[in-house]
Trainee: 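Okay, handing you the structure first.
Heads up: numbering here begins at 1 and tracks the sequence.
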Amino acid sequence: MSANRHLGRIISLQTLYEVAFRRECGEKSVSIDQVLQRNISRYQAELDDKQFIKKLVNGVNKDQTELDKKLQPIAPDWPLAQIAKIDHMVLQIGAYELLNHKDVPPKVVINEAVELAKAYGGDNSSKFINGVLGTLLSQIEADTKPKKSKAKSTKKK
């Protein structure tokens, strides 16, 4: 399953990147569904979990603004609009999975994002991705921990 999901993440990255690139080049009518279907069809024989890919692509595409709002404060010295597009997409995919795919262990999500960055990003991309997603995971964990009650004791002396 993990090799299948790894391929699914590659297909998701390729799809999101192609759509973003084509839109930046002025192609307003590009269909994310058509690009996704074509990319899935290329690997039809190796894929078991097409739903995972569809959920990932559609989720990242729909939530890009919200994902960026969570990611930007973590890396204030690196505006997301100025980092390499592929790194930005890997961050969005990783963030989306951390926030929405509770069935996948967080360490697996981060490791997969680091592997995508090593394969498709620049020399320092994997370290940057690891740092940003690691910090996001720490924030998510801090937000989900139950808060300790600070109620004062009503014990009489």
Trainee: Determine whether a donor-acceptor pair (N or O, by modelled atom type, separation under 3.5 Å) exists between the side chain of N4 and the backbone of E46.
Mentor: yes
Trainee: Report the distance from atom CD1 of I53 to atom CG of L36, rounding to the nearest 0.5 Å.
Mentor: 7.0 Å
Trainee: Give, for atom CG of L116 and atom OG of S125, the distance between the pair rounded to the nearest 0.5 Å.
Mentor: 11.0 Å
Trainee: Without swapping roles, check the side chain of N111 against the backbone of K107 for a donor-acceptor pair under 3.5 Å.
Mentor: no
Trainee: Strictly by ring pair (Phe, Tyr, Trp, His ring centres under 6.0 Å), give each pair with a member in residues 46-72 just once, sequence neighbours left out.
Mentor: F52-H101
Trainee: With sequence neighbours excluded, tell me which residues meet side-chain hydrogen bond (donor to acceptor under 3.5 Å, both in side chains) with R42.
Mentor: N39
Trainee: CD1/I110 to CG/L98 distance, rounded to the nearest 0.5 angstrom?
Mentor: 5.5 Å
Trainee: Could you pull out all residues at least two apart from E115 that satisfy salt bridge (Lys or Arg N to Asp or Glu O under 4.0 Å)?
Mentor: K118
Trainee: Compare all side-chain heavy atoms of V109 with those of I93 and state whether any distance is below 4.5 angstrom.
Mentor: no
Trainee: Would you call V90 and Y120 a side-chain contact if the rule is heavy atoms closer than 4.5 Å?
Mentor: no
Trainee: Residues two or more places apart in sequence or in another chain: which of them pass salt bridge (Lys or Arg N to Asp or Glu O under 4.0 Å) with D123?
Mentor: none
Trainee: Provide the full list of ring pair (Phe, Tyr, Trp, His ring centres under 6.0 Å) pairs with a residue in residues 10-44, sequence neighbours left out, each pair given once.
Mentor: none
Trainee: Who passes side-chain hydrogen bond (donor to acceptor under 3.5 Å, both in side chains) against E141, sequence neighbours left out?
Mentor: none
Trainee: My understanding is that only residues two or more places apart in sequence, or in another chain, count here; which of them pass side-chain hydrogen bond (donor to acceptor under 3.5 Å, both in side chains) with E24?
Mentor: K85
Trainee: In Å and rounded to the nearest 0.5 Å, what is the CD to CZ distance from Q14 to R9?
Mentor: 14.5 Å
Trainee: Please list, chain by chain and in numerical order, all residues satisfying salt bridge (Lys or Arg N to Asp or Glu O under 4.0 Å) with E66, sequence neighbours excluded.
Mentor: K69
Trainee: State, yes or no, whether a side-chain contact exists between Q51 and K54 at a heavy-atom distance under 4.5 Å.
Mentor: yes
Trainee: Salt-bridge test for R5 and E112: reply yes if a basic N is under 4.0 Å from a carboxylate O, no otherwise.
Mentor: no
Trainee: Would one find more than 12 heavy atoms of other residues, nucleotides or ligands at under 6.0 Å from atom NZ of K50?
Mentor: yes
Trainee: Drop me the distance from L56's CG to S12's OG, to the nearest 0.5 angstrom.
Mentor: 4.0 Å
Trainee: Quick one: side-chain hydrogen bond (donor to acceptor under 3.5 Å, both in side chains) partners of D68, sequence neighbours excluded?
Mentor: H88, Q92
Trainee: Below 4.5 Å, heavy atoms only, C-beta onward: do N58 and K62 meet side chain to side chain?
Mentor: no
Trainee: Restricting to pairs with a member in residues 27-38, which pass salt bridge (Lys or Arg N to Asp or Glu O under 4.0 Å), not counting sequence neighbours?
Mentor: E18-R38, R22-E27
Trainee: Which heavy-atom pair separates N61 from I32 by the least distance, and what is that distance?
Mentor: CG-CD1, 3.6 Å
Trainee: Tabulate below the donor-acceptor pairs under 3.5 Å that side-chain atoms of residues 70-82 make, not counting sequence neighbours, or state none.
Mentor:
from, atom 1, to, atom 2, distance (Å)
Q72, OE1, L80, N, 2.8
Q72, NE2, A75, O, 3.0
Q72, NE2, W78, O, 3.4

Trainee: Between CD1 of I40 and CD1 of I11, what distance do you get to the nearest 0.5 Å?
Mentor: 6.5 Å
Trainee: If you look only at distance, which donor and acceptor atoms sit under 3.5 Å apart when one is on a side chain in residues 130-139 and the other is two or more places apart or in another chain?
Mentor:
from, atom 1, to, atom 2, distance (Å)
T135, OG1, G131, O, 2.9
S138, OG, G134, O, 3.2

Trainee: What is the minimum heavy-atom distance between G122 and D87, and which atoms define it?
Mentor: N-OD1, 4.3 Å
